[in-house]
Student: 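So that we are looking at the same thing, I have put the structure below in structure tokens.
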Amino acid sequence: MAAPVTKVLIHGDVELDSEKRRLSVNGRPIALTPHEYALLEALMRSPGRAFTRDELLNRLYPNGEAVVIERVVDVHVGKLRQKIEPDSNHPRYILTARGIGYRFAD
């Protein structure tokens, strides 16, 4: 039997409710696009794990429905950082894994 999937992911001030598809930071609701949500959920479900840009692209476009470049992940990460980080220039949640991609702080 598979382990139950955690419905509410909490890390510091960031709370992601996967059942309701809602994000709050410091108790404040934050609106996300579907791609931002998918990216953040993937990162938060595996804190500390470094994801390559290709892995994250596959999360955003699982059926290869769009022809995109790897840098689209960077754009989404930048927008997420602006929404959830106290200081997006010095992130503490979504971290860059140099030479790999991104990871969520553990």
Student: Side chains of residues 97-105: which donor-acceptor partners sit under 3.5 Å, not counting sequence neighbours?
Tutor:
| unit_1 | atom_1 | unit_2 | atom_2 | d |
| --- | --- | --- | --- | --- |
| Tyr102 | OH | Asp74 | OD1 | 2.7 |

Student: Return the NE2 to CG distance between His35 and Leu40, rounded to the nearest 0.5 Å.
Tutor: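 The CG atom of Leu40 is 14.0 Å from NE2 of His35, to the nearest 0.5 Å.
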Student: Suppose we screen for salt bridge (Lys or Arg N to Asp or Glu O under 4.0 Å). Which residues come up paired with Arg92, at least two apart in sequence or across chains?
Tutor: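 Residues passing salt bridge (Lys or Arg N to Asp or Glu O under 4.0 Å) with Arg92: Asp13.
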Student: Roughly how far apart are Tyr37 OH and Arg21 CZ, rounded to 0.5 Å?
Tutor: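 Between Tyr37 OH and Arg21 CZ, I get 5.0 Å after rounding to 0.5 Å.
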Student: To the nearest 0.5 Å, what is the distance between CG on Leu60 and CG on Leu56?
Tutor: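 The CG atom of Leu56 is 7.0 Å from CG of Leu60, to the nearest 0.5 Å.
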Student: Looking at Lys79, I'd like to know if its NZ atom is crowded, meaning that more than 12 non-hydrogen atoms belonging to other residues, nucleotides or ligands lie closer than 6.0 Å.
Tutor: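 Counting other residues, nucleotides and ligands, NZ of Lys79 stays at 12 neighbours or fewer.
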Student: Got a second to check how far Glu55's CD is from Thr52's OG1, nearest 0.5 Å?
Tutor: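 One gets 3.5 Å once the value is rounded to the nearest 0.5 Å.
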Student: In residues 25-34, what donor-acceptor pairs under 3.5 Å come from side-chain atoms, sequence neighbours left out?
Tutor:
| unit_1 | atom_1 | unit_2 | atom_2 | d |
| --- | --- | --- | --- | --- |
| Thr33 | OG1 | Glu36 | N | 3.1 |

Student: For Ile94, is there any backbone N or O sitting under 3.5 Å from a side-chain donor or acceptor partner on Glu85?
Tutor: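 Yes, Glu85 side chain to Ile94 backbone: donor-acceptor pair under 3.5 Å.
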Student: Kindly write out the residues that satisfy side chain to side chain contact (heavy atoms under 4.5 Å, CB included) with Arg59, not counting sequence neighbours, or none if the list is empty.
Tutor: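 Here the qualifying residues are Ala42, Arg49, Phe51.
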Student: Checking Gln82 now: which residues fulfil side chain to side chain contact (heavy atoms under 4.5 Å, CB included) with it, not counting sequence neighbours?
Tutor: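 Partners of Gln82 under the side chain to side chain contact (heavy atoms under 4.5 Å, CB included) test: Ser88.
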Student: Quick one: closest heavy-atom pair of Pro86 and Tyr93, and the distance?
Tutor: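 Closest approach of Pro86 to Tyr93: CD-CE1, 4.3 Å.
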Student: Are Leu95 and Leu80 connected in the hydrophobic side-chain network, where two residues link if heavy atoms are under 4.5 Å apart?
Tutor: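 Looking at the clustering, Leu80 is in a separate group from Leu95.
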Student: Flag yes if Tyr61 and Val77 sit in one hydrophobic cluster, no otherwise; membership is Ile, Leu, Val, Met, Phe, Trp, Tyr, and two members link when side-chain heavy atoms are under 4.5 Å apart.
Tutor: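 Yes; tracing contacts between hydrophobic side chains, which count when under 4.5 Å, links both residues.
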Student: Any donor-acceptor pair under 3.5 Å linking the side chain of Glu41 with the backbone of Ala38?
Tutor: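 Looks like no, no N/O pair under 3.5 Å.
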Student: Could you pull out all residues at least two apart from Val8 that satisfy side chain to side chain contact (heavy atoms under 4.5 Å, CB included)?
Tutor: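 Per chain and number, Val8 pairs via side chain to side chain contact (heavy atoms under 4.5 Å, CB included) with Ile10, Glu15, Asp17.
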Student: For Asp106, enumerate each residue passing the side-chain hydrogen bond (donor to acceptor under 3.5 Å, both in side chains) test, keeping only those at least two apart in sequence or located in another chain.
Tutor: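 For Asp106 there are no side-chain hydrogen bond (donor to acceptor under 3.5 Å, both in side chains) partners, ignoring immediate neighbours.
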